[in-house]
Structure formats: C-alpha cells, structure tokens
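Data first, discussion second: the structure below is written as structure tokens.
Heavy-atom basis, side chains included; hydrogens, waters and symmetry copies ignored.
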Amino acid sequence: MPHRTSRRTLLTATAAATAAAATGVLAAPTAASAHSADGFTDHRLRRIIAGMSLEEKVGQLFVMRVYGHSATEPDQADIDANLKEIGVRTAAELISTYHVGGIIYFTWAHNTRDPHQIADLSNGIQRAALAERHRVPLLVSTDQEHGIVCRVGEPATLLPGAMALGAGGSRSDTRRAAWIAGAELAALGINQNYAPDADVNVNPANPVIGVRSFGSDPDAVADLVAAQVKGYQGAGIASTAKHFPGHGDTNTDSHTGLPVINHTRAQWEELDAPPFRAAIRARIDSIMTAHIVVPALDPSEDPATLSRPILTGILREELGYDGVVVTDSLGMEGVRTKYGDDRVPVLALLAGVDQLLNPPNLSVAWNAVLEAVRSGEISEARIDASILRILRLKSKLGLFRDPFVSHRGVERTVGSRAHRAAADRIAERTTTLLADPGTLLPLSRRTHRKLLVVGADPASPSGTTGPPTGTLAHAFGELGFTARALSTGTAPDRAKIAEAVAAAEGKDAVVVATYNVTATSSQRTLVTALVATGVPVITVAVRNPYDVAHLTGTGVAASLAAYSWTDVELRAAARVIAGRADPEGTLPVPVQRADDPTQVLYPVGHGLTY
C-alpha cells in the first residue's frame with residue numbers, strides 16, 4: 001500500500017498497515033447473502049424466446065426512461081412529458097406498447113421521490129410486465145455510483161464515491177459500500193446498477209469522469225472495481241462496469257461531443273484494460289460501452305458503442321466476456337455525431353450490444369431495429385442471442401420467481417442505522433489532508449471556536465442533501481463550534497467576495513468549500529482575499545482534489561480533499577478538521593503543479609496524518 005506522508009516523517013508500509021488494521025474495517029458480506037436464482041435452464045429460457053413475436057423480442061433489447069412516480073397514475077405534467085417524448089402516458093403503457101425489457105430511473109424524471117414511492121413504482125412496473133403475454137419481468141436500473149452521481153438520495157444511505165474510496169484504499173470498505181448500496185437498491189426493486197466506474201482517470205482535465213474513477217493506477221482501480229462487483233452482486237443486484245474500453249483519458253465529455261482516445265494498443269492494455277479484466281474475473285453481470293473513438297482499437301473511427309472490432313473482437317473474443325453488454329445512453333451526442341438515431345441502435349446490435357439504453361426517440365429506434373430484422377440486416381438468431389443473455393440475468397436475479405418488494409423490506413433496509421454508521425466510518429477513512437504547513441489542524445474549540453464556512457454550493461447529486469456550506473456549518477455546530485454558513489458560489493463576484501471578507505471579521509478560522517478551481521477562477525480570488533484578513537483559511541475540495549494546485553502559494557493554512565459534496569463526505573471532513581477523526585486518506589491520483597503540469601506537486605499516496 002502507498003506510504004502516507006506525515007508532517008515529521010514518512011510512515012513505513014508496515015506502520016500504515018497497522019493503522020489500517022486499527023480502524024475497525026467492517027467486513028463485507030459474502031455472496032451467500034445474495035438472492036437465489038430462479039434456476040431456469042437455457043432450454044426453458046429459449047422456449048420463452050421462441051414463443052415471442054418479433055415485436056416482443058425487439059422490445060426486450062430496450063431499456064427506457066419514463067416520467068412519473070407511479071407506473072399507472074403519474075402526475076399530469078409527467079403524462080404530458082411521456083406523450084411528448086415517447087407517445088405513451090405511463091410506464092405501464094410503455095411496457096404494453098413497446099414490450100421493453102428494462103426501465104431506467106432518473107431523479108429528473110420524478111422516479112425517485114422517496115423509498116416507499118420507489119418501491120411502489122418498481123412493483124407497478126413489474127405488475128405491468130407480468131400482465132403481458134409471456135410474463136417476463138423487467139430489469140429496473142439506475143446510476144447509483146454514489147459520490148457525485150446518485151439518483152436515490154436520503155433517507156437512503158449515501159456513501160463515498162469512487163475516488164474517495166480510492167483514497168481510502170481499502171478493498172473491504174469498497175466492497176462493504178457496494179453491498180450496502182446494493183442491498184438498499186434491491187429493497188427498492190432496482191435490480192441493475194450502472195456501477196462501478198472502471199475508468200482509469202489519468203487526465204486531470206477529464207470533464208466527465210474525474211472523481212467517478214477510483215484513481216489513476218490501473219492495478220489499484222482493478223482491485224477496487226472487483227471489490228465493488230462482489231459487493232453489489234453479493235447483495236443480489238446486477239453490477240455494471242463502465243465505460244468500455246475506457247473513458248479515463250479524455251478532455252471531451254461524451255454527453256456533448258465525441259471524444260478521441262489516442263492510446264496505442266499497448267497503452268490500452270496497460271492503462272485501460274486491467275479494471276475490465278478484473279471485473280470479468282469477478283463475474284460481472286453487465287458491461288457498459290463508451291461513446292468514444294479509439295483508433296488503435298478500431299481504425300474506422302466509429303464510437304466504441306458501434307464498433308464490432310471493439311465489442312465483439314476485443315470484449316467478447318479476446319477478453320472472453322459473455323455477459324450482458326449495455327450501451328451508454330443513446331441520447332448522448334457522442335454516439336449521435338456520425339450516424340442518425342435510426343442507424344445507431346442497429347449498428348450497436350451488429351457490433352455486439354445486448355441492451356439499448358435510453359434512445360432519444362424510442363419509436364424511431366424500435367422500428368429501425370424491427371425493420372433491420374425483417375430485412376435480414378440483423379438475423380433473428382442474433383437478437384435471440386442477446387435476449388438469452390438478458391433473460392439469463394433476469395433469472396439469476398430471481399425475477400421470474402418473485403420480482404416484487406415489500407414496504408417492510410424498505411423499512412428494514414433502506415437508510416438503516418447500521419448502514420448510515422458504516423457510511424460515516426468509511427467516509428472518515430477517505431478524507432485526505434493535503435497540506436497543513438502551520439500545523440493548524442486539528443482545530444481546537446478552545447482557540448478556534450468561531451468559524452465561517454463559505455464557498456461553492458453545487459446542487460445535490462440526488463436532490464436531497466446540502467447545500468455544502470450549510471452541511472459543513474451544521475456538522476461543526478454538532479461538534480461544539482459556532483459556525484456561520486455563507487454561500488459564495490463557484491464564481492463569486494466582487495460583492496460576494498467583499499461580503500465574505502466582512503463576515504470573516506472576528507472569526508477564529510474560515511473554511512472554504514472549493515469546486516474545480518482554475519488559475520483564473522474567482523474562487524482563487526476569494527481565498528486570497530480571505531487569507532489577507534489574517535484569519536486562518538482552510539480549504540476543502542468538494543470535487544476534484546486538483547484544486548489544491550491552484551491554491552498553493554495563496555497562504556492557506558490547510559487544504560483537504562473530500563472528493564464529493566454529499567453530506568456523508570462533508571460530515572467526515574468536518575470531523576477530521578475538528579480532530580474527531582484522523583485523516584487517513586491518501587491521494588489516488590497525482591496532483592500536478594499549476595505553473596508546470598509536467599511536475600508533480602503531490603504524488604499518488606500523499607496524505608498527511610495527525
């Protein structure tokens with residue numbers, strides 16, 4: 001394990017291991033706790049497929065969004081949105097019209113208001129599916145990575161995200177976090193999670209992955225990806241490694257453009273492949289494709305989602321993966337740049353995909369696949385092979401036997417005291433103290449009782465927590481400090497900076513929540529102005545740990561990385577600052593100098609301790 005840098009000396013690997021053992025890490029539950037499978041044989045599943053009409057078969061390939069908190073009685077605004085975007089009124093009507101094999105939940109689609117509502121929605125969706133002729137249950141999916149990507153919020157347990165867990169460096173913590181997340185999703189009727197992120201973030205400018213990755217070291221990322229696969233699937237849900245063949249080295253967001261990854265084949269093998277190989281060895285249930293171009297893997301410059309050399313040649317044949325392959329959202333610009341919405345789903349299936357996720361226009365996509373099969377461009381045997389993989393997964397998850405969940409299960413599992421306590425302890429072990437040149441920390445209530453908390457207040461990933469400055473101030477209050485919160489935003493103007501400077505008068509310390517600071521960012525101007533007051537300034541990076549590079553030289557008293565602005569990580573940062581917990585996290589990515597990116601300011605493994 002990497003050394004942690006003390007103020008006075010380097011901890012040896014043995015001492016670091018001893019410290020880790022002393023943290024009381026909770027052991028992850030074993031796979032024995034997973035739901036038992038239905039026991040359907042391939043012969044029985046093939047009989048189900050043989051009895052399907054072509055329209056029913058095509059429907060099984062699609063995983064679609066739908067608006068509303070209820071499968072049959074959504075709000076009128078959600079009915080209107082469904083009619084406009086999909087041509088149906090409700091989730092139940094979506095299932096009966098298009099025979100979809102899966103539905104994906106989003107916060108913005110009003111699918112995830114509260115745990116009991118989510119359970120009712122899931123049950124309503126399954127009732128609609130079982131009302132169909134072949135009684136095939138649905139895969140209900142979501143993006144619950146935790147950290148900065150989270151669709152189900154409080155009162156469900158919120159956990160540290162991938163890079164925070166990478167900073168913790170504990171396979172048992174990482175597996176335990178996934179098991180808790182998986183158990184709670186299962187209780188809500190969500191049986192497929194699009195996590196973990198298996199990308200290796202070697203580009204600090206990556207606008208779409210960043211802290212969603214466990215780090216920059218392929219082997220370390222591979223270990224933690226495997227741990228999360230075992231945790232999620234041990235809790236009885238399907239896990240999904242993403243984004244194949246690797247989205248970690250790009251400065252383009254595939255939501256808005258088509259990234260090009262210029263790794264050689266050898267670099268791909270060394271940097272990008274190990275986490276996916278580890279996921280496959282861990283018997284991952286599904287793998288999500290990336291809308292990226294990798295010329296070394298496919299010179300046609302088709303995005304990987306539509307590339308047969310990548311998905312069939314490499315993923316299926318070279319890596320030996322025979323599980324479910326799901327596309328990233330087909331509404332993203334990266335997959336729509338080169339081909340129209342009618343060709344994208346057809347080309348994805350020809351490339352080797354099984355599930356087509358969230359096309360922008362379901363009617364266009366569904367009919368395009370139907371016509372491609374009727375015309376012979378796609379053989380019916382080809383889609384039968386994908387449907388068999390999908391049905392195998394549904395059977396493995398026990399959905400044919402019983403796809404329903406209970407309110408008792410929600411009450412017993414979701415947001416339980418044990419889960420929330422475990423989340424707090426795991427988060428404490430991820431918080432990273434990057435700099436403390438004056439040995440200010442931990443703060444003493446005797447000398448630094450009066451605090452001002454300012455900075456960025458990005459919206460909660462799940463819509464249920466924050467704002468970050470308020471969360472930090474409240475956490476300090478519970479620890480015996482007097483703390484005032486003042487939101488200054490990600491781009492504070494002169495008036496807001498002046499307000500913060502005035503508010504710092506008479507305070508014993510100022511805590512600044514930073515969010516993606518750049519050399520020209522007014523967040524840096526804010527920090528500089530606060531330092532000039534003479535009050536000690538502590539910065540907490542609530543997203544990327546790279547912020548510290550742009551704050552070096554400003555005179556800050558201490559800098560920490562929390563890796564996310566969700567409450568669990570902010571509470572942990574407050575406890576570390578207050579000395580109620582030791583900083584145990586170490587950087588899982590290097591931080592380059594702002595004035596010379598070829599030089600490393602803080603290497604992988606750096607982290608101060610008390």
Side-chain angles (χ1 to χ4, degrees), residues 59 62-132 138-145 148-156 158 184-185 187-194 255-256 328-333 336 341 356-367 404-405 407 410 414-415 457-467 566:
F62 284 92
V63 180
M64 189 60 184
R65 70 190 179 278
V66 66
Y67 291 87
H69 71 286
S70 164
T72 55
E73 297 179 346
D75 295 339
Q76 187 60 49
D78 292 323
I79 292 174
D80 294 342
N82 285 329
L83 287 170
K84 179 180 179 180
E85 295 188 18
I86 314 173
V88 300
R89 296 169 56 85
T90 67
E93 192 173 325
L94 168 66
I95 293 164
S96 65
T97 302
Y98 288 101
H99 319 292
V100 293
I103 285 179
I104 180 172
Y105 288 170
F106 291 106
T107 307
W108 51 260
H110 310 140
N111 304 138
T112 57
R113 289 181 178 176
D114 66 74
H116 289 285
Q117 167 269 317
I118 297 170
D120 286 339
L121 174 60
S122 299
N123 285 340
I125 284 170
Q126 299 295 3
R127 279 193 295 272
L130 297 189
E132 293 289 288
L138 265 68
L139 287 169
V140 178
S141 61
T142 199
D143 293 285
Q144 190 79 346
E145 297 174 19
I148 72 167
V149 177
C150 199
R151 311 302 187 204
V152 180
E154 290 187 346
L158 297 180
E184 295 199 6
L185 290 176
L188 300 172
I190 298 171
N191 45 54
Q192 184 176 21
N193 191 20
Y194 297 138
H255 291 84
T256 57
D328 206 342
S329 171
L330 298 183
M332 294 166 60
E333 192 60 31
R336 304 173 74 190
D341 292 337
L356 301 163
L357 178 62
N358 200 30
N361 187 315
L362 179 58
S363 177
V364 167
W366 190 85
N367 280 294
F404 299 109
V405 293
H407 288 286
V410 171
V414 179
D457 273 335
S460 168
S462 64
T464 62
T465 64
T566 53

Using modelled atom types only, decide if a donor and an acceptor are shared between the side chain of [X] and the backbone of [Y] within a distance under 3.5 Å.
X	Y	value
Gln144	Asn193	no
Asp114	His116	yes
Thr112	Arg151	yes
Arg65	Pro360	yes
Ser460	Thr465	yes
Asn111	Val66	yes
Gln117	His69	yes
Ser462	Cys150	no
Asn123	Val405	yes

inquiry  = Ring-plane angle category for Trp366 and Tyr98, please: parallel below 30°, perpendicular beyond 60°, tilted otherwise.
reply    =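 It falls in the perpendicular class, over 60°.
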inquiry  = Rounded to the nearest 0.5 Å, what separates atom CD1 in Ile103 from atom CD1 in Ile190?
reply    = 12.0 Å
Nearest heavy-atom neighbours spanning Asp78 and Gly68 =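 Smallest interatomic distance, heavy atoms only, reads OD2-CA, 3.5 Å.
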ask   = Does any non-hydrogen side-chain atom of Val100 lie less than 4.5 Å from one of Ile95?
value =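 Counting from C-beta outward, Ile95 and Val100 do come under 4.5 Å.
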